[in-house]
Amino acid sequence: MNFSLLMILLTPFFGGLLAYAASALHKSVRNIFFLIFMLIPFVELPVYLNKTVDNFYYLTILGQNLSLGINPLSSMMLLLFTLIFFLSSIFMMFEFNDRGEEGDLAVLELSFLEGAVFGVLLARDILTFFIFFELMAVLVFFLVGKGYKEAHTAQMKYITWALIGANSMLAAIVLLLFKAGNIGYTEIAGYLSTAPTSIVLVTFILFAIGFLIEASIMPFHVWTPITYAEAPDSVSVVLASVVKKVGLYLFALFAFSLFGLNLFSKLLPQVLNNSLVMYILQWIGALTIIIGTFIAIVQEDAKKILAWSSVAQSGYILLGLSLGTPLGVAGGLLHIINHSIFKGLLFFVVGGVIYRTGTKNLPELGGLIKKMPVSFISMLLGIIAVAGIPPLNGFNSKYLIYEALIQKNEPILLTIALLGGTGSFMYVYRLIHSIFLGQLHEEHESVREVPLIMQIPMIVLALLALLFGVLPGIPMYFVSKVEAFLGLDPIKYNLTGFPEQPGLHAGNVPVISITFVAGLVVAGLLFYLLPRARKVHQLDNYYAGEVLTKDVKYNYSFGFYSFFDDIIAPFNKWSVESVYESFVGFIKTAGDYLRRVYTGNLETYVSFGVILLVIFSLIYILGGILW
Amino acid sequence: MVNPGNPTLLVVLPLFFAFLSIIISPFAKKVIKFVPLVVSAINLIVIYFIGLKVTSGQIVIGGTAGLMPPYSINLAVDKFNFVIVLLVNVLGLLISFYNIFYVKEEPVDKFHILFTLLIMSASWISVTGDLFNVFVAFEVLSLSSFGLVGFMRNSDAIEAGFKYVVLGILAGSFILLGVVLVYAMTGTLNMAHIADKLQTISTLQKLIPFIFIFFGLAVEGALFPVNSWLPDAHPAAPSGVSAMLSGIVTTTAIYAIIRVIVTIFNYSAFIPYLFIIALLTLAFGEIAAFYQKDLKRMLAYSTIGQTGLFVLAFSVGTEASISASLTQMINHSVSKAIIFLTAGIMIEAAKSRNIDDLKGFGRKNILTSIVFVFAALSLIGVPPFFGFFTKFAILQSLLDFPGFLGYFAFGLVLIMAIVEGVYFYRVFRVLFAPIDKEFEKVNDWLVVAPFILVLILVLMSSKPMYVLNFTSTVANQLVQRTIYLTSVLGGMK
């Protein structure tokens, strides 16, 4: 029994309980405990970074061994998640500062959520991960409830989908246990390699439903926009950067480690050099990218843009992973890291803006660049990362995915991915313009930058995005270990880029970045130093004879992309959401009829009983014919 | 010297106390409140002594009138009886404690006397070894619960009580009819002796008496299609009584059905029909619960659904499935009791049974809400609570049912789990929503009983294997009915 790994799992739970108990003393004591226990996993983890440990602790339940273990994929994600949770807890302290008891509960729930996430990552059998996965769902349900006005709708949507996913996975787990007789990952993998196709397919689909719901892939994404948008801001960060990644982690682990690409190729027909199920998943990923991006473009709520953007980026990750080649999987895994960082960054910035201004509605914001410069720079770095432009980290992963698509000869998917990239630039530009550029609203005159400590999460993630962008070797170190663990040939990389290898031209990212930045610098110099450049006041404008004063809002904000909206309007009518709504309507009517069996009328009740007796008497009289 | 491990004490002592209370109630009204508590406590002591023998595999027989069975009425406690009677009295103890503070409507003393009789009759059904005893105990159970359901004497309670009376008396009459037919067939009323004699009678001949007895017990046991009184009666009763009805009375009735099917009639031919009835109960119960706006009505339908679930598990017929069913019974009784008790507290505070009126209760009364949430999560089957392991065991056993029906049941149980989850989470959401009104102050002692029960639940969740292993020995002993027969009939040889 390896106690230090067990301690990694238990630390967040202890931390949460201690912090909640400390809240009885004073808020600051609670905060101190909270932060300390969020930091402890940093100390505990590095020992395990390169190891694979199996079955280091188990409990025997229902005749099976529940075990925990660690592998390179888990440790990479553990490190990433510990960082995100820590930064998010700093933010949470401020966000829940004057919400009294709610804050205490939020602290408890966030710590337990961290513990549950760790539990899923450290699981070595299909029952353990499920137990912690369900625990995650319960905690997210309660955390989301502490958010904005529509949080209650978000809660119900989330939990309905979470329950659908959970029961789907439970079906697969019970089925596999019934057939294989054991729950451990290695034993299940062994069983699956010789199992009949129907079992493999059914269990994979059932598991995939559960994982993809959590990862907000189409068509299971409908809970994501409202949940991410209405949750408290620190929780949104955790949802987008951690909870979603847990779904993708499980998907990668199951598809490559438990089921395995060879199994799919063996049992299923091949389409264009991919097994059928992987090919379908590639298309699902591409669909998610394009639809997510397009819907993000026409949103008016800052957090909704980020939520739909998360959906789209999930599509990138799924596309990369389901390509199955070393290049594609590396791209997908790298994008997991990169997306957690830059999406977390963007949510933190937007959270800070909401903290100071009280609104997340884009038409109500504007011109905050002078008031919140640090947030502006952080967001600028964030949006460059989302768009996939060097020198930020988004470039590296997207580059790998594009190259992987080229290597696999998939022009249509490549076009969709590139379209998604361009589209993402559109919506992030909207975000930064509507919040920071343009005209400052009068009520925001007194807005200041967020408190210094609250700036730490943004700054840390922005610097990390920059670092990982310029020196991709750092995240690639982990990614290549994971690729080797998943059974693929890791792609070659070095600290500053990618050497020449099949499918990939040599790329030296710092050089590309410096060229890029140099280009910008030259453009900036030209712009400022050329004779015709002149600094003009914002209100110094021509308005066809009208007089312009400060309170007139001439800022272009509402309906920013209305022309785009008009273009895609015919397609907007097809909505996954409406399919579900009509399905729900049907179930409601059907259920309504069914429940009227209980009429409330005593005569009917007695007659039910009599009918039952009559049926059985008939059976008796007819000499047991129905036996 | 009286043997403390004599099961007859479980019946005689409570009855004695009940009659004593009736006599002294004009003089000492204040004391009557504590009678059910004392009675359950004494019962638990007796159960402890019985338990010492039962867990080592013996069957404890209690004879009466100085004669051994089958010449006298006897009580017999094997592991199954032991579990049920333990459940009855532990819940009875804690619910009585709750009732001391909860019941304020006059006449309080009569309430507690009826409650004592309820505990007594539930314990009696659980330990009896004589079929006619089952009828008598059933009648006492029905009569005491009729009074308790209608106790509040408002329009709801009277309507619910009336429906319950009609269906309950009908049920009792049919049980009597069934027992009479059995007597005519076999010439004896002793369960083991009947079982012995019925072995020579054909399946078809056994059908009519069986169906009468089954029908009667099914009314009390919340099975479709005769459970319709339940959604009216459980909400209208005071919360302590609802907890008792949902947690204990339904479980005892199902116990009786199982005893009749397995031990007395050995009726495996009926099992497929039971499967269908259980499926319908599950489906109708959960779907109806989904539409409810009244908290207690929703919980009553949930009881129906859960009963369907564990009877479904039972009707798969394998030993593993019987064990899973029994574990789920335990989980449901404890969790549902906790939920009803806390719901009672919430309804007292909000002065309304409507779910929306409870908005924000959780933010002020954290302990009560956490107790509620834990119990509800265990009921739904969310890990790491005990209910998860029982649900998992049930799902595993369902796959053993041959043919398409097994997979269909498997899928239906999972879909109903989603439905169940959604309507409970709806209540959680409302509990922790922002407050918009003031809540009344409730007696702080009320939360003690559910809290202790939740501690028991958490204890079971931390050591689920302990309970699961025990229930598989129970199932094992149940299936080997010859042990029961020879132990009881031993006197006759």
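Residue numbering restarts at 1 for every chain, and letters A, B, ... go by the order of the sequence lines.
Looking only at side-chain heavy atoms (C-beta outward), Thr281(B) and Ile304(B) come within less than 4.5 Å of each other. Using a 4.5 Å heavy-atom threshold, the side chains of Phe275(B) and Ile271(B) count as separate.
Cation-pi geometry between Arg297(B) and Tyr291(B) is not met at under 6.0 angstrom from the ring centre and within 45 degrees of the axis.
Ranked by heavy-atom pairs under 4.5 Å with chain A, the first of Val226(B), Leu414(B), Asp232(B) is Leu414(B). By number of non-hydrogen pairs under 4.5 angstrom with chain A, the leading residue of Leu399(B), Val373(B), Ile287(B), Val382(B) is Leu399(B). Ranked by heavy-atom pairs under 4.5 Å with chain B, the first of Glu134(A), Lys588(A), Met156(A), Glu101(A) is Met156(A). Chain B forms the most heavy-atom pairs under 4.5 Å with one residue out of Leu135(A), Val144(A), Ile164(A), Ile173(A), and that residue is Ile164(A). When each of Phe432(B), Phe388(B), Phe162(B) is checked for heavy-atom pairs under 4.5 Å with chain A, Phe388(B) comes out on top. Top candidate by heavy-atom pairs under 4.5 Å with chain A, chosen from Phe214(B), Phe174(B), Phe290(B), is Phe174(B). Most heavy-atom pairs under 4.5 Å with chain B, from the set Leu612(A), Leu105(A), Val138(A): that is Val138(A). Annotation: maximal heavy-atom pairing with chain A below 4.5 Å, among Ser228(B), Ala417(B), Ala288(B), occurs at Ser228(B).
For chain B, the nearby part of Leu613(A) is the side chain; its heavy atoms alone come within less than 4.5 Å. The contact between Tyr425(B) and chain A is made by backbone and side chain atoms together, counting heavy-atom distances below 4.5 Å. For Leu170(B), the part lying under 4.5 angstrom from a heavy atom of chain A is the side chain only. In this structure, no portion of Ile611(A) lies under 4.5 Å from any heavy atom of chain B. Only the side chain of Ile366(B) comes within contact range of chain A, with heavy atoms under 4.5 Å apart. Both the backbone and the side chain of Phe130(A) come within less than 4.5 Å of a heavy atom in chain B. Proximity to chain A (any heavy atom under 4.5 Å) is restricted, for Tyr407(B), to the side chain, taken from C-beta onward. Residue Ile131(A) touches chain B through both its backbone and its side chain, counting heavy-atom pairs closer than 4.5 Å. Only the side chain of Leu377(B) comes within less than 4.5 Å of a heavy atom in chain A; its backbone stays farther off.
Closest non-hydrogen pair, Glu95(A) versus Arg99(A), comes out as O-CD, 3.9 Å. Nearest heavy-atom pair across Gly216(B) and Ala171(B) is O-CB, 3.4 Å. Nearest heavy atom pair, residue Ile226(A) against residue Glu150(A), reads CD1-O, 4.4 Å. In terms of heavy-atom proximity, Val219(B) sits nearest to Trp229(B) at O-NE1, 2.8 Å. Considering every non-hydrogen atom in both Phe13(A) and Ala116(A), the closest pair reads CZ-N, 3.8 Å.
Listed for the Trp223(A) side chain is no donor-acceptor partner under 3.5 Å among the backbone atoms of Thr160(A). Side chain of Glu214(A) to main chain of Gly210(A): no donor-acceptor pair is present (N/O by atom type, distance under 3.5 Å, no hydrogens or angles).
With no hydrogens or angles considered, a side-chain donor-acceptor pair links Tyr423(B) and Glu286(B) at under 3.5 Å.
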